2 protein chains.
Amino acid sequence: MTDFRKPKSMVDQIYISLFNAITAGALEPGCRLVEQDLQKDFEVSRAPIREAIRLLEADGLVVVDAYKKKHVRNLTREDLVDNIPVLACLESLAARLATAKITTKQIDELEGINQEIQQAFSAGNFSKCAELNFAFHRVFLKVADNKALHRAIRSIVKSTLWLWLASQYYKNNAIIPSSIEEHALILESFRSKDVRLVETRVREHIENVLERFLKQSKFDTEGIYQFGGAIGQPGNEPSEI
Amino acid sequence: MTDFRKPKSMVDQIYISLFNAITAGALEPGCRLVEQDLQKDFEVSRAPIREAIRLLEADGLVVVDAYKKKHVRNLTREDLVDNIPVLACLESLAARLATAKITTKQIDELEGINQEIQQAFSAGNFSKCAELNFAFHRVFLKVADNKALHRAIRSIVKSTLWLWLASQYYKNNAIIPSSIEEHALILESFRSKDVRLVETRVREHIENVLERFLKQSKFDTEGIYQFGGAIGQPGNEPSEI
DNA sequence: ACCTTGACTGTTGTCGACAATCAACATATA
DNA sequence: TATATGTTGATTGTCGACAACAGTCAAGGT
């Protein structure tokens with residue numbers, strides 16, 4: 001009767017800590033994850049650490065090299081390029097599904113978020129911009145109300161999230177304003193209930209965002225982060241589906 | 001110098017065994033996975049079993065109930081319905097990407113597979129039909145050459161595979177022939193390099209296949225497998241992405 | 001100088017045991 | 001009888017220890 005929120009399991013706590021550390025850039029791509037070290041950091045035994053790492057591996061955030069050593073995954077430019085059409089396709093599907101169901105109130109909510117992005121940008125609060133951007137897309141993903149779609153999008157966002165957060169994307173240029181404009185266009189098409197228009201605009205918006213990001217990311221200047229393509233990428237799962 | 005293929009790790013072996021057991025229907029939906037029992041079956045300690053189960057959990061094949069007990073996931077009809085537009089969207093994207101790259105030789109390969117499906121169907125070898133069907137789609141997924149897309153599709157197929165395999169889908173009716181016809185149409189549009197046509201036909205093919213499947217699956221007669229919706233579905237991950 | 005050999009180290013894989021949790025049942029008390 | 005309390009069994013969570021394996025380095029032989 002006293003303690004409401006029980007502490008999450010060790011595995012969950014470690015998973016979340018590592019996930020945040022990776023996506024926030026504290027653990028850089030290519031960085032090794034040594035169970036013994038983590039054991040000291042978290043003051044637990046290796047068992048829950050191993051399980052947490054397995055989960056990160058399933059997320060694609062951690063990869064195992066030929067010697068079974070674990071590393072933070074290093075996204076290549078190609079990985080990111082690959083993600084563009086997939087995410088564009090899934091987000092536009094979400095928008096399409098949402099069009100029929102979305103209420104005026106929810107569109108207003110989106111409008112409010114878009115204004116908040118504007119304000120955060122004016123105030124120079126770029127991490128808030130990032131968070132609000134995710135919030136914007138989460139709204140119609142929720143309206144679309146499709147678990148499989150939600151899962152698919154989350155999987156992609158999770159595995160590349162750190163790139164967004166660790167990047168300079170949300171700073172110092174006119175990228176946010178154009179994103180805000182595109183959001184406004186999307187809202188307009190939601191209001192008109194024009195499914196094809198919604199779909200097209202969301203698809204293009206996602207493509208634009210990712211391509212803009214790609215242009216100004218480190219990829220174009222120095223290629224890749226450390227560890228090039230030396231470490232296996234996800235897709236080495238045991239089964240052959 | 002003597003042993004070429006080293007034995008996979010315990011975790012991989014257990015993962016594969018359980019994966020196959022679940023998708024083949026040997027472990028029925030709702031069925032509990034008790035570590036102690038599996039320990040006896042596989043003659044290993046609980047550590048690798050726990051890790052394998054974590055992976056299955058990440059795949060969405062195993063869910064954890066409120067009392068932390070592990071169960072084979074029970075897909076609801078809604079889950080399957082949710083998957084239809086997502087898989088249709090992703091497969092048609094794969095087809096679109098493949099259209100530009102696919103060679104005449106590869107189209108011929110697809111044609112060959114389609115004929116093999118026909119033969120297997122005539123011979124009454126339905127499980128071969130299923131396998132060849134997957135092979136057909138794998139071809140242009142491979143041609144599309146997009147790791148992110150491959151990952152997304154595999155994730156969906158993995159989590160619902162058992163339904164296909166455990167079902168009566170590939171038996172006793174005219175569903176296969178119409179699938180073969182649709183494949184032929186897809187091939188034709190690949191040959192014409194008409195991207196929009198390819199995209200549309202693949203999308204419709206996937207939608208048709210899944211809807212036909214849905215119609216004749218157990219869902220329509222007795223609703224759901226045991227355990228209804230009592231057990232949490234995937235999506236209860238610790239983080240809030 | 002070059003190659004082998006063997007010991008040492010760092011790291012992961014696996015194990016058996018103990019602790020914690022919860023359901024189910026039994027027992028006690030009003 | 002009904003409610004509260006204790007006990008037991010089943011199951012999962014966590015731990016510390018050992019085994020296995022690759023990499024490094026130094027000693028020794030050719």
Side-chain angles (χ1 to χ4, degrees), chain A residues 1-18 22 27 30-58 61-73 227 230-232 234 236-238, chain B residues 1-18 27 30-58 61-73 227 230-232 234 236-239:
Chain A
M1 286 295 177
T2 50
D3 55 338
F4 294 126
R5 57 182 64 195
K6 345 181 164 179
K8 298 204 178 207
S9 75
M10 267 300 145
V11 176
D12 286 353
Q13 289 180 47
I14 295 167
Y15 170 79
I16 292 174
S17 290
L18 290 177
I22 293 171
L27 290 172
C31 173
R32 285 196 50 194
L33 291 178
V34 178
E35 292 167 8
Q36 234 171 14
D37 297 346
L38 297 173
Q39 180 177 4
K40 287 168 195 159
D41 293 345
F42 290 105
E43 294 177 332
V44 292
S45 76
R46 279 173 50 219
I49 289 176
R50 286 177 61 83
E51 293 183 28
I53 291 180
R54 286 272 180 206
L55 293 179
L56 293 166
E57 222 182 306
L61 286 172
V62 167
V63 292
V64 183
D65 66 20
Y67 305 115
K68 308 201 173 178
K69 298 192 196 306
K70 274 78 173 178
H71 303 255
V72 175
R73 182 187 179 194
F227 281 89
I231 299 175
N236 306 327
E237 274 108 285
Chain B
M1 285 296 175
T2 49
D3 56 337
F4 294 126
R5 57 182 66 193
K6 344 180 165 181
K8 299 207 178 204
S9 74
M10 266 302 145
V11 176
D12 285 354
Q13 289 180 47
I14 295 166
Y15 170 80
I16 293 174
S17 290
L18 289 178
L27 290 172
C31 173
R32 283 198 51 194
L33 292 178
V34 178
E35 292 167 9
Q36 231 171 16
D37 298 346
L38 298 173
Q39 179 177 5
K40 285 167 195 158
D41 293 345
F42 289 104
E43 293 177 334
V44 293
S45 76
R46 279 173 50 218
I49 289 176
R50 286 178 62 83
E51 294 183 28
I53 290 180
R54 286 273 180 205
L55 293 179
L56 293 167
E57 222 181 305
L61 285 172
V62 167
V63 291
V64 183
D65 66 18
Y67 305 114
K68 308 199 174 179
K69 300 192 194 306
K70 275 80 174 177
H71 302 255
V72 175
R73 183 186 177 194
F227 281 88
I231 297 174
N236 306 328
E237 275 107 286
S239 76

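Note that the structure is predicted; figures quoted are calculated from it, not measured. Numbered from 1 within each chain, the chains take letters A, B, ... in sequence-line order.
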List the atom pairs, donor and acceptor, that lie under 3.5 Å between side-chain atoms in residues 36-46 of chain B and the rest of the protein, sequence neighbours left out.
| residue | atom | partner | partner atom | Å |
| --- | --- | --- | --- | --- |
| Arg46(B) | NE | Glu35(B) | OE1 | 2.9 |
| Arg46(B) | NH2 | Glu35(B) | OE1 | 2.8 |

Q | Leu18(A) and Val62(A): CA distance, side-chain angles, deciding distance, side-chain contact (heavy atoms from CB on, under 4.5 Å) verdict | A | CA-CA 10 Å; Leu18(A) 290 177; Val62(A) 167; over 6 Å; no
Q: Would you classify Leu33(B) as touching base, sugar-phosphate or nothing, given that sugar-phosphate means primed atoms plus P, OP1 and OP2, and contacts are heavy atoms under 4.0 Å?
A: sugar-phosphate
Spacing of [atom1] belonging to [X] relative to [atom2] belonging to [Y], to within rounding of 0.5 Å:
X        : Y        : atom1 : atom2 : value
Ile49(A) : Arg54(A) : CD1   : CZ    : 14.0 Å
Lys70(B) : Asp65(B) : NZ    : CG    : 9.0 Å
Leu33(B) : Arg50(B) : CG    : CZ    : 12.5 Å

In this structure, how many angstroms lie between the [atom2] atom of [N] and the [atom1] atom of [X], rounded?
X        : N       : atom1 : atom2 : result
Leu38(B) : dA10(D) : CG    : P     : 17 Å
Asp37(A) : dG10(C) : CG    : P     : 11 Å
Asp12(B) : dT14(C) : CG    : C1'   : 14 Å
Glu35(A) : dG10(C) : CD    : C1'   : 12 Å

So, OP1 or OP2 of [N]: does either fall under 4.0 Å of a side-chain N or O from [X]?
X        : N       : result
Tyr67(B) : dT21(C) : no
Lys68(A) : dT14(C) : no
Arg32(A) : dT11(C) : yes
Lys70(B) : dG13(D) : yes

Q: Can you sort out which residues in residues 40-53 of chain B have a heavy atom within less than 4.0 Å of DNA chain D? Ascending by number, please.
A: Arg46(B), Arg50(B)
Q.
Both Gln39(A) and Lys69(A) contact DNA chain D. Which one's nearest nucleotide lies toward the 5' end?
A. Gln39(A)
Q. Can you name the side chain to side chain contact (heavy atoms under 4.5 Å, CB included) partners of Lys68(A), sequence neighbours left out?
A. Val64(A)
